[in-house]
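Protein chains get the first letters and strands the later ones, always in sequence-line order, with residue 1 at the start of each. Since the model is a prediction, treat every value here as computed from it, not as a measurement.
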Amino acid sequence: MIFMIYKGENITRTHMCGELNAHDADKEASLMGWVQRRRDLGGVIFIDLRDRSGITQIVFDRKIDEEAFKLADKLRNEFVIAVRGKVKKRPLENVNQKLSTGEIELLVNKLIILNKSNTPPFSIEDDINVDESIRLKYRYIDLRRTHMQKNLIIRSKATKAIRDFLYDRGFLEIETPMLTRSTPEGARDYLVPSRLNPGEFYALPQSPQLFKQLLMVAGMEKYFQIARCFRDEDLRADRQPEFTQVDIEMSFVDVDEVISLNEEMIAYLFNNILDINVAIPFPRITYKKALEKYGTDKPDLRYGLELVNISDLVSKSDFKVFSSTIKKGGLIKGINAKGCASFSRREIDSLVELSKNFGAKGLAWISIEPDSSIKSPIQKFLTEEELYNIIGRMGGKPGDLLLFVADTAKITNFVLNQLRSELANKLNLVDDNKYNFVWVVEFPLLEFDEDQNRYVAIHHPFTSPMEEDIPLMDTEPLKVRAKAYDLVLNGVELGGGSIRIYYEELQKKMFNVLGISEEEAKEKFGFLLEAFKYGTPPHGGLAYGLDRIVMFLTGSENIRDVIAFPKTQHAACLLTKAPSKVDPKQLEELFIDIRDTKK
RNA sequence: GGCCCAGUAGUUCAGUUGGUUAGAACGCCGGCCUGUCACGCCGGAGGUCGAGGGUUCGAGUCCCUUCUGGGUCGCCA
């Protein structure tokens, strides 16, 4: 096959393949792109030519141009070509309604094959059903699909909208190092050995946290960055080892200023991309309330099914499962599954099974039949009064199914949260067109880690406690609330942040509570404590998971669909085959020996 | 690290109680065809059944181990 050298040929692209329409009829036009499909009728050859913008049908006819027609016989899927010809309005009966360019076609009088192509391993169509590992191996082909192109276009538009908004509000986009130091606390770091400093390592940033605080010390006042972050933890449908944060930090602000700026930004973004009006301000719920009503700090507010605490009603019950749970300091809470008394035994059993899978010992249920009679395996353990009170508290009406978990607060909340979301799906209560934002505020500052036998920061060690709770740090650390806030959308955490500690004494106190010794604090964070001595403004900010935001904007179920070159669950890139072994010489330069990798 | 799902032609799948030469559709290759747009018609090629081991006269099918991809719990300040 003869391939033309493009240079020296005289086709210049005049239009994109999605552009031409009836108004361009009889014009001379030149297109470039990929062969989407070929329909060879013998005397005439139709090609669907595709570029990023769309598809145009081009026609090769012996009577129009013999040479182009002969060459067109060689065309196959995904060949890259340049064509020139005349735009022809199609007769009415030949109009293709499915194409934006369906009213016209291009009668080709000049064809240049710019490149041939192997037959692709799967076809470039939107509704494909191909194993994802094949898509990832040939990601450059997968990304030719309109669906994937649309996702990346939306991602690009979203970052532009965010930049536009923040530039407009006086923010500076500042880059921070990718090679930085490993810090204790938080996720596992990705480490990078240093050739010039044998035996020492950089860490890739988990987030630009410390640098953005130092930029506040530096007087930058308003900073943002679209920052790549790295965490060496296990992957999920919405988690990748490298991901992108929209990182924001401001000086001289408190919680309300950060929240209101971000509400405006999110409203601007969703309006800009999805053309929907997002009502601001967003509702706020305290962490405590969120756990009470939903059992989670990221509640989905699109539906009800709220959790109800009945602990006080059954603390003295003869039903030991309930009363002993209370004695041990646990919780008994329930959900009223409205209208679900009609569930079959099998359906109820599957809810019980689900609860057990998530750690509950069981799931108690009370079914209020349409005739107001009660069906329940625990009825015989409860007094009439207890039953009456429980049903009353739960708002139980004929036809309702009441579900209860009795366990530690942690398990009770966790299981009922899972149950709530399962029920919502089962009952079709989840509306994909709703965007229910909520700020979760007043997170606890600390939690106790049983494994390490010490307090750890829930957010991070630089989060400021609420002023009125500072005295509690010495007496009841678990009761200290933080100036921390998360933005939650439909049960997904989009981002979170806090007002930071900005003076040395408080930061030292925080390290102290965390059991980080003065020497260790000095060794790991000495530079920050030092910086705090030089006039640090009060400051705070927030960071979003950009990938998750884009998942919402594109309606993606999977984070890999909004990342051009994502990694598999084993953190591998099937395209480049990273990670890989390296040349022993490289290891030698880095003073690294590989031990036996079999455990 | 635990639990669950999947792996058969380039792709998506079927494959009976373990039994002849492992099938289909799409794609691919060749031929015919001047109005197709999922073009049509005729013909053809294409398989280490993820890998290794075991049971058996005989394994795509049963058992064990392992690899890969996915979901999830732990983990992710």
Looking at the side chain of [X], which of [options] is the nearest nucleotide?
X        : options                : value
A:Thr119 : B:rG70, B:rG27, B:rG1  : B:rG27
A:Lys63  : B:rG10, B:rU34, B:rC13 : B:rU34
A:Gln57  : B:rC28, B:rC75, B:rU36 : B:rU36
A:Leu41  : B:rU34, B:rU12, B:rG1  : B:rU34
A:Ala237 : B:rU72, B:rC37, B:rC33 : B:rU72
A:Ser133 : B:rU11, B:rG69, B:rC76 : B:rG69
A:Asp61  : B:rG74, B:rC37, B:rU34 : B:rU34
A:Ala187 : B:rC75, B:rG69, B:rC76 : B:rC76
A:Arg76  : B:rC75, B:rG30, B:rC73 : B:rG30
A:Asn77  : B:rG27, B:rC75, B:rG69 : B:rG27

No-H, no-angle donor-acceptor pair, [X] side chain to [N] base, under 3.5 Å:
X        : N      : answer
A:Arg239 : B:rC76 : yes
A:Arg90  : B:rC37 : yes
A:Glu105 : B:rG35 : yes
A:Arg236 : B:rG74 : yes
A:Arg37  : B:rC39 : no
A:Asp131 : B:rG70 : no

So which pairs with a foot in residues 563-574 of chain A pass side chain to side chain donor-acceptor pair (under 3.5 Å), sequence neighbours left out?
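Matches after skipping sequence neighbours: A:Glu242-A:Lys567.
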Side chain to side chain donor-acceptor pair (under 3.5 Å) partners of residues 47-56 of chain A, not counting sequence neighbours, each pair once:
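Side chain to side chain donor-acceptor pair (under 3.5 Å) check on residues 47-56 of chain A returns A:Arg13-A:Asp51, A:Gln36-A:Arg50, A:Arg39-A:Asp48, A:Arg50-A:Glu78, A:Asp51-A:Ser53.
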Looking across every strand, which nucleic acid part, if any, lies under 4.0 Å from A:Asn129 by heavy atom: base, sugar-phosphate, or nothing?
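Result for A:Asn129 = sugar-phosphate.
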It should be established whether A:Gln569 places a side-chain nitrogen or oxygen under 4.0 Å from OP1 or OP2 of nucleotide B:rG71.
yes
Answer yes or no: does a side-chain N or O of A:Arg39 lie under 4.0 Å from OP1 or OP2 of B:rU36?
no
For the aromatic rings, using the six-membered ring if either is Trp, is the centroid distance between A:Phe448 and A:Tyr455 under 6.0 Å?
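Yes - the distance between ring centres of A:Phe448 and A:Tyr455 falls below the 6.0 Å cut-off.
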Pair A:Phe443 + A:Tyr485: ring centers closer than 6.0 Å:
no
5' priority, RNA chain B, between A:Gln206 and A:Lys88 [closest heavy atom]
A:Lys88
What do you reckon, is OH of A:Tyr202 surrounded by more than 12 foreign heavy atoms closer than 6.0 Å?
no
Under a 3.5 Å limit for both distances, which nucleotide forms a Watson-Crick or G-U wobble pair with [N], could you say?
N      : value
B:rG40 : B:rC32
B:rG47 : none
B:rG7  : B:rC67

Measure from CG on A:Leu354 to C1' on B:rC73 and round the result to the nearest Å.
12 Å
Using 30° and 60° as the class boundaries, would you call the ring planes of A:Tyr138 and A:Tyr140 parallel, tilted or perpendicular?
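Aromatic pair A:Tyr138/A:Tyr140 classed perpendicular.
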Is A:Asp561 paired with A:Arg135 through a side-chain N to carboxylate O contact shorter than 4.0 Å?
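Salt bridge between A:Arg135 and A:Asp561, a charged N being under 4.0 Å from a carboxylate O: yes.
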Counting only non-hydrogen atoms, which of residues 477-490 of chain A are less than 4.0 Å from RNA chain B?
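Per residue number, the list is empty: none.
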Does the side chain to side chain contact (heavy atoms under 4.5 Å, CB included) test come out yes or no for A:Lys70 and A:Glu66, once each step is laid out?
CA-CA 6 Å; A:Lys70 273 189 183 155; A:Glu66 178 82 24; 3.5 Å; yes
Does the side-chain ring of A:Phe46 lie flat on the base of B:rU36, meaning centres under 5.5 Å and planes less than 30 degrees apart?
yes
Short side-chain donor-acceptor distance under 3.5 Å, A:Gln206 and A:Asp189:
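Checked: A:Asp189/A:Gln206 side chains pair up, N/O donor to acceptor below 3.5 Å.
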